[in-house]
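Whatever order the structure lists them in is the order used to number ligands and atoms, beginning at 1. Note that the structure is a prediction, hence the values are computed from the model and not measured.
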Amino acid sequence: MEQNREKLLEIHKLRKYFPVKTGFMKKGYVQAVQDVSLHIFKGETLGIVGESGCGKTTLGRTILRLYEPTSGRIVYNGETIFDSEKKIAEKMLPYCRKIQLIFQDPSASLDPRMTVGEIVGEALDIHKLYSSKADRCSRIAKLLEDVGLNSEHSNRFPHEFSGGQQQRIGIARALAVEPEFIICDEPISALDVSIQSQVINMLEDLQKERGLTYLFIAHDLSVVRHISDRIGVMYLGCLVELAESYELCNAPIHPYTQTLLSAVPLPDPEKNKKRKRILLEGDIPSPLNPPSGCRFHTRCPYAMPICSEKEPEFKEYSPGHFAACHKLDLE
Ligand SMILES: Nc1ncnc2c1ncn2[C@@H]1O[C@H](COP(=O)(O)OP(=O)(O)OP(=O)(O)O)[C@@H](O)[C@H]1O
Ligand SMILES: [Mg+2]
């Protein structure tokens with residue numbers, strides 16, 4: 001089945017290091033994204049989960065080329081837009097309309113001095129997506145309605161809205177340019193629990209209506225598992241496992257994913273009591289100086305000598321189920 005589906009985005013060994021000062025005259029690199037390879041099919045939602053600081057936002061922004069990749073390859077719709085080996089670095093303008101970003105903190109991502117109409121209209125202006133002033137107005141009104149607001153809201157300022165409504169404005173702005181692909185960077189984590197599901201349902205409806213493809217970032221598996229077709233798990237810059245959502249949640253093969261899942265509460269309280277929670281020892285190491293070999297080895301309950309020596313390869317262990325772990329090669 002997988003082979004027949006069209007890929008919208010492919011990334012190969014994508015890497016992003018940030019140069020930082022580590023002391024007087026000393027320079028180091030934050031290894032935020034470490035050689036991540038994955039693809040996203042047209043119309044699907046790929047979830048990305050991992051603890052704070054593991055590189056999720058950096059991955060999203062590097063795909064968009066808001067951050068210039070350190071190395072690797074990005075292919076969008078069959079066209080190579082970045083390749084460090086072949087020295088290809090296409091200008092992003094044609095793509096930045098097709099790929100949009102929805103931010104974690106809606107209030108910080110909306111200019112407080114602009115009205116809602118100006119915010120949504122600005123996106124239309126940049127790409128000249130209307131034929132007349134009246135067309136521009138009606139497009140803004142339609143976009144606001146599409147996200148559950150109304151046209152009267154267009155003269156108001158962002159601070160007059162609740163967090164959930166502000167996120168709807170951010171979504172309207174993203175939709176204004178008729179994108180194909182939306183990177184949703186923790187779009188609901190700053191919202192009240194009661195409105196989180198409303199925003200999720202709206203994103204799902206918009207996806208169906210418009211055939212959108214999503215990269216959906218969250219640090220919590222319980223949010224991502226419902227909305228995603230497939231899920232990738234990141235640890236300290238590396239993608240450690242990727243599989244269909246059901247499989248990843250029910251038969252995870254990487255020790256780190258198993259730990260993450262043991263922390264997600266089960267609906268049945270009796271089962272919850274009986275279940276063993278796997279607790280990781282120690283803190284996440286710094287991406288400035290990550291552990292050698294497998295980056296997870298310092299906290300992995302199954303670590304073997306090879307784990308500190310050699311970086312495990314990200315491989316397909318069963319159809320569509322990828323992971324990077326030396327233990328799996330022994331099984
Ligand atoms: N512009 C930057 N310069 C230097 N280091 C950075 C920069 N942006 C991110 N980092 C570092 O890169 C690492 C990954 O950060 P990133 O924001 O991508 O993580 P994240 O998974 O999105 O975390 P969160 O869940 O908290 O949003 C962190 O150690 C962070 O401090
Ligand atoms: Mg982030």
H219-ligand 1 polar pair, N/O distance under 3.5 Å: no
Nitrogen or oxygen atoms of E186 and ligand 1 under 3.5 Å apart: yes
From S286, S52, A218, G237 - option closest to atom 24 (P) of ligand 1 by heavy atom: S52
Closest to atom 9 (C) of ligand 1 among F18, Y29, Y17, Y67 (heavy-atom distance):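 Looking at heavy atoms only, F18 sits closest to atom 9 (C) of ligand 1.
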Under-4.0 Å heavy-atom contact with ligand 1, by part of T58 that carries it: both
C54 and ligand 1 - part of the residue with a heavy-atom distance under 4.0 Å: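 The answer is both.
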Atom 6 (C) of ligand 1 touched by protein (heavy atom, under 4.0 Å):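 So atom 6 (C) of ligand 1 has protein heavy-atom neighbours under 4.0 Å.
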Heavy-atom protein contact below 4.0 Å for atom 27 (O) of ligand 1: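 Flag for atom 27 (O) of ligand 1 set to true, protein heavy atom closer than 4.0 Å.
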Report the nearest protein non-hydrogen atom to [atom]: residue, atom name, distance rounded to 0.1 Å.
atom                    : result
atom 30 (C) of ligand 1 : V30 CG1, 4.7 Å
atom 23 (O) of ligand 1 : G53 N, 2.8 Å
atom 25 (O) of ligand 1 : K56 NZ, 2.8 Å
atom 29 (O) of ligand 1 : P287 CG, 3.2 Å
atom 12 (O) of ligand 1 : A32 CB, 3.4 Å

Side chain to side chain donor-acceptor pair (under 3.5 Å) partner of H321, the single match among R230, E316, E241: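 Only match with H321 under side chain to side chain donor-acceptor pair (under 3.5 Å): E241.
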Flag side-chain contact, heavy atom, 4.5 Å: [X] against [Y]:
X    : Y    : result
C54  : L236 : no
E44  : Y214 : no
I200 : F216 : yes

Donor-acceptor pair between R295 and Q31 side chains, under 3.5 angstrom: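 Judged by distance alone, the side chains do pair up.
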Modelled atom types, side-chain donor and acceptor of E186 and H219, under 3.5 Å: yes
Ring geometry between F161 and H153 (parallel below 30°, tilted from 30 to 60°, perpendicular above 60°): perpendicular
Ring geometry between Y235 and F296 (parallel below 30°, tilted from 30 to 60°, perpendicular above 60°):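 Perpendicular: the ring planes of F296 and Y235 meet at over 60°.
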Test log, rule ring pair (Phe, Tyr, Trp, His ring centres under 6.0 Å), inputs F41 and H39: CA-CA 7 Å; F41 294 114; H39 55 258; 5.1 Å; yes
Contact flag T57/the Mg ion (ligand 2), N/O/S atoms, threshold under 2.8 Å: yes
F157/V116 under side-chain contact (heavy atoms from CB on, under 4.5 Å): CA gap, chis, key distance, verdict: CA-CA 6 Å; F157 290 90; V116 170; over 6 Å; no
Numbered atoms and elements of ligand 1 in range of T57, under 4.0 angstrom, heavy atoms: 17 (O), 18 (O), 20 (P), 22 (O), 27 (O)
